Amino acid sequence: MPTGQPFTVLCQTLTRPRYFGRVDLHMHTTFSDGVYTPAQIVDLAQRSGLSAMAITDHDTLTGIAPTRKVATSLEVVSGVEITSEFRGKELHLLGYFFDPVDAPLNDALAHLRSERVGRFHEMVERLRGLGVTIEAAAVAQLGELTTLGRPHLAELIVQAKKASTVREAFQRYLGDRGRATVPKTRLPVAEAIALVRGANGVASWAHPIYDCTKEILRELHGLGLGAVEAEYPTIRQSRRKELRHWAKDIGLAITGGSDCHGPGQPHRSVGASSITHQELQTLREMI
Ligand code: AMP
Ligand code: ZN
Ligand code: FE
Ligand code: FE
């Protein structure tokens, strides 16, 4: 908080960066389907005034160490977004504060990534059957350090000139029920929660779908869920209030973040959704 003469306080307030002191716990880097490198995203986070952040790449912890290495003025909380499943539907499970070198967690994520590689090749085959040829060299170039997903394949479809934009590639081939889409391997949510907790972390439900009820949250809390994401770019005000209310009743903490994937979506830019430092402390106490 600025202190001093009223005019000084006013100047300090006006020149404060946009998200001063706030916390963004949901971002992606080039280690999954984000566009920014860890160094680029840390630069954006520090310039926007965030006091803490977490990289939550899909099914990988590879971005955490390089992020910590370049961060100077903010805390980097360990983070991950695990592809999991609850009652037959995909559920994105966020993990925070865990030990990044925990072996069971790393092994389980390595398995999910290798399944994604197999899925990627299967989708390339399906595309071939549809007259879209993706060069093997282009696939190889994506590297071993990246969690492969449909956005990477959409880019290759654009490069192959079979769609003019990523959006069109999804519309033509890669939507949830798309002609070339192959489902992902998902961890049962109980397993994913147990892995995060086993690594001394806390688990949170990312962008909960609108059929998430208080009873479901209670059930997941029974499985060890520690928090729910109640701040994200597309959430409605009424829903935000409802989730916060339920969380309080059940004894869950709150998480929140931008889900930034790059510069293409301004409403999901670094810091665009966030929680307070006090809320981060409450989350930390759930470990
Ligand atoms: P995957 O994890 O491989 O199933 O890919 C899921 C990701 O694809 C999502 O996180 C989105 O970033 C992206 N995505 C899904 N549907 C679309 C769409 N219709 N247009 C653009 N991107 C999409
Ligand atoms: Zn993503
Ligand atoms: Fe997600
Ligand atoms: Fe995400």
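These numbers were taken from a predicted model, which means no experiment stands behind them. Just so you know, these numbers use all the heavy atoms, side chains as well, and skip hydrogens, waters and symmetry mates. We count ligands from 1, going down the list as the structure has it; atoms in each ligand are counted the same way.
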Side chain proximity check, Leu25 to Thr56, heavy atoms < 4.5 angstrom: no
Pair up each side-chain donor or acceptor in residues 131-143 with any protein partner under 3.5 Å, not counting sequence neighbours, and list the distances.
none

Just by distance, with hydrogens left out, do His277 and Ser51 show a side-chain donor and acceptor under 3.5 Å apart? yes
Which side-chain N or O atoms in residues 100-108 pair as donor and acceptor under 3.5 Å with protein atoms at least two apart or in another chain?
residue, atom, partner, partner atom, Å
Asp102, OD2, Leu105, N, 3.0
Asn106, ND2, Pro100, O, 2.9
Asn106, ND2, Asp102, O, 2.7

Listing residue and atom name, which protein N/O/S atoms are closer to the Zn ion (ligand 2) than 2.8 Å? Asp33 OD1, Asp33 OD2, His58 NE2, His261 NE2
Would you mind telling me which of Val202, Ile287, Leu61, Asn200 makes a side chain to side chain contact (heavy atoms under 4.5 Å, CB included) with Phe98? Leu61
Quickly, which of Thr146, Thr83, Val182 forms a side chain to side chain contact (heavy atoms under 4.5 Å, CB included) with Arg116? Name it, please. Thr83
Look at the side-chain heavy atoms of Ile, Leu, Val, Met, Phe, Trp and Tyr, link any pair under 4.5 Å apart, and say whether Leu50 and Ile64 land in one connected group. no
For side-chain hydrogen bond (donor to acceptor under 3.5 Å, both in side chains), just list the numbers for His207 and Glu81, CA-CA rounded to whole Å, side-chain angles, deciding distance to a tenth of an Å, and then say yes or no. CA-CA 11 Å; His207 42 73; Glu81 184 168 14; 3.3 Å; yes
Counting no waters, what protein N/O/S atoms lie under 2.8 Å from the Fe ion (ligand 3)? Glu81 OE2, His92 ND1, His207 NE2
Looking at Arg239, Lys241, Arg240, which hits salt bridge (Lys or Arg N to Asp or Glu O under 4.0 Å) with Glu231? Arg240
